[in-house]
Protein chains: 2
Amino acid sequence: MAKEVVPEAARKRRKPTKAGVVLSEQLIVETAMRLLQQSGREGLTVRRLGAALGADPSSLYRYFRGADDLTLAIADELIGRAMRGWEATGDWRADLRELGMRIHSAYLAHPQAAVLTASRVSGRANEIDADEVILGVLRSAGLPDREVVRIYHAFIDQTLAFAVLDAAGLALPPAARAADEAVWHATYARLPAETHPNIAATVPLLVARMNNSAYPTALDMLLDNAAAAIARARAADPGA
Amino acid sequence: MAKEVVPEAARKRRKPTKAGVVLSEQLIVETAMRLLQQSGREGLTVRRLGAALGADPSSLYRYFRGADDLTLAIADELIGRAMRGWEATGDWRADLRELGMRIHSAYLAHPQAAVLTASRVSGRANEIDADEVILGVLRSAGLPDREVVRIYHAFIDQTLAFAVLDAAGLALPPAARAADEAVWHATYARLPAETHPNIAATVPLLVARMNNSAYPTALDMLLDNAAAAIARARAADPGA
DNA sequence: CAGCTTATGCCAACGCCATTGACATGGTTG
DNA sequence: CAACCATGTCAATGGCGTTGGCATAAGCTG
């Protein structure tokens, strides 16, 4: 097999596979995401990906160094989809809120991919561009870099943390997901009030609320905090 | 192999393995967590767990239905460790803060285990007890159940979300972790100011801040929000 | 203590998996 | 048009989770 993967841009000879498919990094990533969505994390194996593409599994090693490299490419594609079509309005708060909600939504749209790539740093183009954009929004609001970085850090961590947590609930393999849901009805809902009075008293409310995300609320809390920091910065240096 | 796993409490015949070890659910879970800590997620396989215990891999299926069942047991042990020794002080805010920090710390102490068990609902004893305790703290503060559940939901999701995100950074296999860190120095730190001015301007600050958790700040935001809700409830119904 | 039952651990085997090296083939280039 | 070599394929390796059948000894019964 190849020692080195040829960068996508340098590919010249596009040779169709036996099944007549012309491979590309893009096609492989898209197919991998489709497999993830269809059959969950367990559904994505090199062999099955090869089969789904109509190519020998070992062909994929011409495009990715290994499974981990493919994972990073999927991570970058997720961020890319979140950012696609976004444009700054000039209102930092609206922009940041929109960015947060877009990332959250993009992850929830592909929960298995989101969990698979949780907290990886791909260093690929889309990820870098997103970071550049977020930092730019905060810096344009007139914050000193120290505060920019504090809020950037909280923003990106909180967004990814909720995105992954919310995605994880959707991403469980059907069996595990069914088991987890059954726990609520079979275990929690049947706890006697004598031993677990607080759960017993609130179980209907708990069940009703469990499927919503707390992210929007948390995001607004963070934006309030950022607004206060901006007001402070303006008061300290009105010329800025 | 056994159709059904014998519950730990019902075990009578404790037969040592060839290597002289007497198995138990507790011993297996502890050994699994040790393997996770030593060699990461890839280090925990049924075969290696058997070897580490001095038992045939298939013996473990007498204690757990499969790998997923073992995962849930690890999840429950993690929560159990977070709660061990905790006692209510009667001050809801201090209690809730302490609970959040304990869960966060317990996860960070076993990052690989934290990631492995991310967002699973075990329904086992320790998890149920923790939920009962948290709900109890909020209800004792004089909130109506509707608000209790709203804040409980945000609290537990935010805590687990940050715990898992922060743990994930520590939990990467050494190779991947090294790769991710290298990205910061090899890729981000070298981006030219012409194309990525905002990253270039803030990179030293970013690198310095990256290793801290934003969880304590986010937790305090949530506690502020809860305090406001409690004040509202008291104003609306002074008799409560 | 003797004998029985059966829980428990062990063995061998199955069909997956990721990854690799050697080889075949056909696109591109000169 | 011919040669090169990037790309796809094949076959093999070693590891994985899981299972069925079997041996053995723990604890019960008398």
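Every heavy atom of this structure was used, including side-chain atoms; hydrogens, water molecules and symmetry mates were not. Chain naming here is simple, since letters A, B, ... match the order of the sequence lines and numbering starts at 1 in each.
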Is the closest side-chain donor-acceptor distance between [X] and [Y] under 3.5 Å?
{"X": "B:Tyr188", "Y": "A:Glu132", "answer": "no"}
{"X": "A:Asp131", "Y": "A:Tyr152", "answer": "yes"}
{"X": "B:Thr159", "Y": "B:Tyr215", "answer": "yes"}
{"X": "A:Gln26", "Y": "A:Tyr63", "answer": "no"}

[X] [atom1] to [N] [atom2], straight-line distance once rounded to whole Å:
{"X": "B:Leu53", "N": "C:dT8", "atom1": "CG", "atom2": "P", "value": "16 Å"}
{"X": "B:Leu49", "N": "D:dT18", "atom1": "CG", "atom2": "C1'", "value": "14 Å"}
{"X": "A:Leu27", "N": "D:dT7", "atom1": "CG", "atom2": "P", "value": "15 Å"}
{"X": "A:Arg48", "N": "C:dT19", "atom1": "CZ", "atom2": "P", "value": "16 Å"}
{"X": "A:Tyr61", "N": "D:dT9", "atom1": "OH", "atom2": "P", "value": "15 Å"}

B:Glu98: salt bridge (Lys or Arg N to Asp or Glu O under 4.0 Å) partners, not counting sequence neighbours: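 Testing B:Glu98 for salt bridge (Lys or Arg N to Asp or Glu O under 4.0 Å), a comparison that skips the adjacent residues, returns B:Arg102.
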A:Tyr63 side-chain N/O to D:dG8 phosphate OP1/OP2 under 4.0 Å: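 The answer is yes; a side-chain N or O of A:Tyr63 sits under 4.0 Å from OP1 or OP2.
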Phosphate contact (C:dG9 OP1 or OP2) by B:Thr17 side-chain N/O below 4.0 Å: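 Checking B:Thr17 against C:dG9: no side-chain N or O falls below 4.0 Å of OP1 or OP2.
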Pair B:Arg34 + B:Glu30, salt bridge at N-O below 4.0 Å: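 Answer for the salt bridge query: no.
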Under-4.0 Å salt bridge between B:Glu25 and B:Arg124: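 A salt bridge links B:Glu25 with B:Arg124.
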For the student: nearest non-hydrogen atoms of B:Asp76 and B:Ala125, plus distance: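 Closest heavy-atom pair between B:Asp76 and B:Ala125: OD2-N, 3.7 Å.
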What's touching nucleotides 26-30 of chain C from the protein side, N or O pairs under 3.5 Å?
from   : atom 1 : to      : atom 2 : distance (Å)
C:dG26 : N2     : A:Arg13 : NH1    : 3.0
C:dG27 : N2     : A:Arg13 : NE     : 3.4
C:dG27 : N2     : A:Arg13 : NH1    : 2.9
C:dG27 : N2     : A:Arg13 : NH2    : 2.8
C:dT28 : OP1    : A:Lys12 : O      : 3.4

Please write out each protein N/O paired with an N/O of nucleotides 11-13 of chain C under 3.5 Å, distance rounded to 0.1 Å.
from   : atom 1 : to      : atom 2 : distance (Å)
C:dC11 : OP1    : B:Lys18 : NZ     : 2.6
C:dC11 : N4     : B:Ser58 : OG     : 2.7

